[in-house]
Amino acid sequence: MVDTVLQVEGLTRTFDVSKPWLNRVLERDHKQFLTAVDNVTFGIERGETFALVGESGSGKSTIAKLIVGLLKPSRGTIAFDGQPMSFESGTAMRNLRRRFQMIFQDPFASLNPRWRVGEIIAEPIRTFGLASGADVHREVARLLEVVGLSATDAGKFPHEFSGGQRQRIAIARALSSKPEFIVCDEPTSALDVSVQAQILNLMRDLQDEFGLTYLLISHDLSVVRHMANRIGVLYLGRIVEVADSKRLFTDPQHPYTRMLLDAVPDLALSGRRRTPVTGEIPNPINPPSGCTFHPRCPHVMDICRGDPPAQTPTATGAAACYLLTEPVGS
Ligand code: SF4
């Protein structure tokens, strides 16, 4: 039986990007909106790593912030373990939020530079009442060792560590509330290539040891291939394809997925005609009609400029493309 830990339904987030100063100068009341996340639906099973990939501006980091409660959805629902998440405070929601955490992209910005490492890791333990007194220090020491640091590091400040070590501290802090689910937002993109693999391997080991479920946000397909069981591909705020990781890399169905893969020489598939990378991601304030990928798509048909394509089932997931439903040339 499928054990879904996180279910996102119809998630939409719109930002008001009107320019009041320009409206004043031009004496008008012109509103502009940017839909960063548009009707996104997906589920994540317990113990798996589900990755969201896409170019910058695809909406993947906005989805991460919506899930951990840093942003409020404009529409749609997020349920954790079957319980709808609300943005009200309260004991039930506080207990629910303890069970999921976030690892941020930049370990330099995400750790308070004025706090010692021990205080940084102890704060969630105290906030959620998971230990008190000397037990807090023992738990901090244990967590530092779990992430490959030393208990004596608790007395140091973040600036005394390298980037990779700081990301280990951030992981220890994320683990300190004993979460089941962790959103990892580009967890290695700010790190030297030489330490990226060490952090990814640590995350995998911790997943096995603590039975964690990950939502991995990344623009780096090599990272995603190393980590993910299933992958969702985002384009201009919409999911255009979801598939098992292996299937996505060997048999991508959506032209945008093919374009992304073909842009990475190590991942480009042999024996298949390449989909060249063309054009830029359009302005999300004024997105193209229909399939928003149509201005860049080498297979565009008339129908693609009309209604957006629906998700069509594929071997291990779904893709939103008329090539899967329409005779070519329509
Ligand atoms: Fe290309 Fe049309 Fe498919 Fe969009 S729906 S990816 S434009 S073929």
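What you see below is based on every heavy atom in this structure, not just the backbone, and it leaves out hydrogens, waters and symmetry mates. As the structure lists them, so they are numbered: ligands from 1, and atoms in each ligand from 1.
- Remark: ligand 1 atoms within the under-4.0 Å shell around heavy atoms of Cys297 are 1 (Fe), 6 (S), 7 (S), 8 (S).
- For the residue pair Thr314/Gln253, the side-chain donor-acceptor check at 3.5 Å is not satisfied.
- Annotation for ligand 1: atoms under 4.0 Å from non-hydrogen atoms of Cys304 are 2 (Fe), 5 (S), 7 (S), 8 (S).
- Arg75 CZ: 12 or fewer foreign heavy atoms inside a 6.0 Å radius.
- Aromatic ring orientation, Phe80 versus Phe100: tilted (interplanar angle from 30° to 60°).
- Only the side chain of Pro255 comes within 4.0 Å of ligand 1, judged by heavy-atom distances.
- Taking a cut-off of under 4.0 Å to the non-hydrogen atoms of Cys291, the atoms of ligand 1 that pass are 4 (Fe), 5 (S), 6 (S), 7 (S).
- Taking a cut-off of under 4.0 Å to the non-hydrogen atoms of Cys321, the atoms of ligand 1 that pass are 3 (Fe), 5 (S), 6 (S), 8 (S).
- Below 4.0 Å from some heavy atom of Tyr322 lie the following atoms of ligand 1, by number and element: 3 (Fe), 5 (S).
- Taking the six-membered ring for Trp and thresholds of 30 and 60 degrees, His254 and Tyr256 have ring planes more than 60 degrees apart, a perpendicular arrangement.
- Each of the atoms 7 (S) of ligand 1 lies under 4.0 Å from some heavy atom of His294.
- Because its NZ or CZ atom is both nearer than 6.0 Å to the ring centre of Phe15 and within 45° of the ring axis, Arg13 counts as a cation-pi partner of that residue.
- Close approach of ligand 1 to His254 is summarised as follows: ligand atoms under 4.0 Å from at least one heavy atom of the residue are 6 (S).
- Residue contact check: His299 has heavy atoms under 4.0 Å from atoms 8 (S) of ligand 1.
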